[in-house]
Protein chains: 2
Amino acid sequence: MNTQKEITIYDIAEALDLSPATVSRGLKDHPAIKKDTRKKILDKAKELGYQQNLFASNLRRSRSNTIGVIVPRLNSYFMSAVISGMEKVANAAGYNLIISQSTESKEKELANIKTLYNSRVDGLLVSLAYDSEDINHFDLFLNKGIPLIFFDRVFEHPRCTSIVIDNYKAGYEITSHLISQGCKRIAHITGSVIRNVYADRLKGYRHALVDNSIPYDESFVFPCNLSEQAGADVTQRLLEMPELPDGVFAANDTTAVSCIRTLKQAGIKIPEQIAVAGFNNDPLSKVIEPNLTTMNYPGQEMGELAAATLIRKLDNKEGTSLNTIVLHHNMIVRESSLRKKINL
Amino acid sequence: MNTQKEITIYDIAEALDLSPATVSRGLKDHPAIKKDTRKKILDKAKELGYQQNLFASNLRRSRSNTIGVIVPRLNSYFMSAVISGMEKVANAAGYNLIISQSTESKEKELANIKTLYNSRVDGLLVSLAYDSEDINHFDLFLNKGIPLIFFDRVFEHPRCTSIVIDNYKAGYEITSHLISQGCKRIAHITGSVIRNVYADRLKGYRHALVDNSIPYDESFVFPCNLSEQAGADVTQRLLEMPELPDGVFAANDTTAVSCIRTLKQAGIKIPEQIAVAGFNNDPLSKVIEPNLTTMNYPGQEMGELAAATLIRKLDNKEGTSLNTIVLHHNMIVRESSLRKKINL
DNA sequence: CTGAAAGCGCTAACAC
DNA sequence: GTGTTAGCGCTTTCAG
């Protein structure tokens, strides 16, 4: 099948009676090439249907123009927005993206790291798996000084930039909001507190309680895997509590929505009996009834920024200066938590 | 930064007093290598921290072990499920995925094609952009005999395999269902009828009407870009019709959900006044009230199958035999279309 | 079963 | 401004 012969810079050189070196330079806007020569080269290249062989180029330059991405899971709205943002920026800058999923497991994460290392990616964009307590498995990259940028689920490391929102503040705000709506017994559905995102939201929740003279009670905190099913299960446990909570702050919208549905089935009035707030501003949040109060969280932007930051590093446009970039967030108050009816 | 020296097969060869050729063979289970020698090679490789240089290998073999993926948009639930499936299969088979988005534009699609061609992907997995009426822009690949597989939004071509569901049948079924619920004036919200998926669903809709002695009326068909906004806009036009329709079949869940919300705001009872059905089984469909009748459509499976089919072709495990693979689909009837209350 | 050697296509000193 | 040349690291005939 592979019939048509590959055109190389040698073919162009020969056709134009030039050296391959000149052709190579002409093809990439090298300053020391006559305008006129370059035009000839470009024209001939197009005429012959020349396509650069990136392997040869990469081999020679030991650089791949490829960025590796490792995410826990691909199939969430948030993550696809992130990837979409990355792709946009990377593509515009002439980089390719190689994407892999850790499926929330540290082992798979390590396997992904190895594959991406073999692919000689120029840099790595990572959101950590559920159970990665440290980042020793990234040593392969760190030891070689290959830039590593964490986003969302990050890990503090002197050599890595992190891109996050202020999860502490966001957790604090959303809990304070529930309190302002009269909630006093607020349950918190969370993920693995190994992960910064959940640990910080939990801390925000806790401090908001304390600052409002509500004692923090660990039995109101429900760690789970944040799936739809887990949301339903946790809610079932809430319903079995001797005294019902009057508010729920869930660390993502999936569980918040699942919680609302379960509560409704049990005949609980929302927000009157239990006010509910989520996190992520997933499209689901506008569809569930009552509409879900949630934290808006710019996925696309986070992806764009992560890619742009990495590319800037790769192009050496900056040193190892910045270490943490914090994106803005904003609470979206909707009916699920609004007891004191103001205007919507 | 890039300090640590790269270990190559030469280093291993030297350390073991072997030739690079033998090391190369040992590393990839070549049959003509003594078990014992291979073990020594593998051990030494591990000891030295050897990592294959894929560029050199790819350059030499003119093969990349990389699959290119072009999708209209990354940020939908369906598409991320597809990608997730592809990644799983590709990764297991030792392939990488390079993913790019056409953002529904033929021009960007062409740019993606060129990039992926330069990256020397071994094959291509494509779901076509909104406005690609032909696939001449894929000639680069077709002429070279590089396998090209379409999924979901496909184009009939003798050299390409397509992976689809039976959109005609699905459209027929869902329309018939609406009719069985007593609908007689059914509007259809659709996308660009250039695309097989929408054209086929439309044809199914049409034939279902005719087969039930309901005349097909073009003014009941509303092409749009299937966004949330478009769903609301179309619904507004429905509401302005001199006589309201009594059923809506939307070609995706996003518009169906948006339609329901708009109708509810206008005080229309669903399904009593207007029954609504969507397409995709998006997570939204279970959350909207009333729950949305929709067509289940296996994204993850489609992705897995597309990748598996391509890889089988690449490994030459089969000729150019199969041309179209049709995946099963199944209608999920929920309250949004259920007038004759049976059991749910 | 192993080795020698050529070359995949490109880039970047270094020359002129 | 342009040319010469030496590899980047690997695979694969061909020989033995």
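Per chain, numbering begins at 1; letters A, B, ... match sequence-line order. Values below: all heavy atoms of this structure, side chains included; hydrogens, waters and symmetry mates excluded. Please read all numbers here as calculations on a predicted model, not as lab measurements.
Within residues 24-31 of chain B, the residues approached by DNA chain C to less than 4.0 Å at the level of any non-hydrogen atom are B:Arg25, in residue-number order. Against DNA chain C, the stretch residues 33-49 of chain B makes heavy-atom approaches under 4.0 Å through B:Ile33, B:Lys34, B:Thr37.
Side chains of A:Ser105 and A:Ser102: a donor-acceptor N/O pair is absent below 3.5 angstrom, by distance only. Inspection of the B:Thr161 and B:Lys313 side chains reveals an N or O donor paired with an N or O acceptor under 3.5 Å. Between the side chains of B:Glu87 and A:Ser100, not a single donor N or O lies within less than 3.5 Å of an accepting N or O. Between the side chains of B:Asn96 and B:Thr66, not a single donor N or O lies within less than 3.5 Å of an accepting N or O.
Checked by atom type and distance alone, the side chain of A:Ser62 never pairs as donor or acceptor with a backbone atom of A:Leu59 at under 3.5 Å.
Protein atom CG of B:Asn53 is 13 Å distant from nucleotide atom C1' of D:dG7, rounded to whole Å. B:Leu59 has its CG atom 13 Å from the C1' atom of C:dA6, to the nearest Å. Atom-to-atom, CG of A:Asp11 to P of C:dC8 comes out at 11 Å; the value is rounded to the nearest Å. In this structure, CG of A:Asn58 is placed 11 Å from C1' of D:dC8, rounded to the nearest angstrom. Rounded to whole Å, the distance from CG on B:Leu16 to P on C:dT2 is 11 Å. The CG-C1' distance, from A:Leu54 to D:dC8, rounds to 15 Å in whole Å. In this structure, B:Arg63 places its CZ atom 18 Å from P of D:dC10, rounding to the nearest Å.
Taking the six-membered ring wherever Trp is involved, the centroid distance between the rings of B:Tyr117 and B:Phe138 does not fall below 6.0 Å.
For A:Thr8, the side-chain atoms get nearest to C:dC10 when compared with the rest of C:dC1, D:dG9, C:dC10. Nearest to the side chain of A:Ala21, among C:dC1, D:dG9, C:dA12, sits C:dA12. Picking from C:dC10, D:dC10, C:dA4 the nucleotide with the shortest atom distance to the side chain of B:Gln52 gives D:dC10.
Salt-bridge formation is detected for the pair A:Arg153/A:Glu104: a Lys NZ or Arg NE/NH1/NH2 atom is positioned less than 4.0 Å from an Asp or Glu carboxylate oxygen.
Look at B:Ser19 and you won't find any side-chain N or O under 4.0 angstrom from OP1 or OP2 of C:dA4.
A 6.0 Å sphere centred on CD of B:Glu133 holds more than 12 heavy atoms belonging to other residues, nucleotides or ligands.
A donor and an acceptor atom sit less than 3.5 Å apart, one in the side chain of B:Tyr10 and one in the base of D:dC10.
Under the side-chain contact (heavy atoms from CB on, under 4.5 Å) rule, B:Ile12 has a single partner from B:Lys40, B:Glu47, B:Lys44, which is B:Lys44.
Nearest-nucleotide positions on DNA chain C place B:Leu18 closer to the 5' end than the other of A:Ile9 and B:Leu18.
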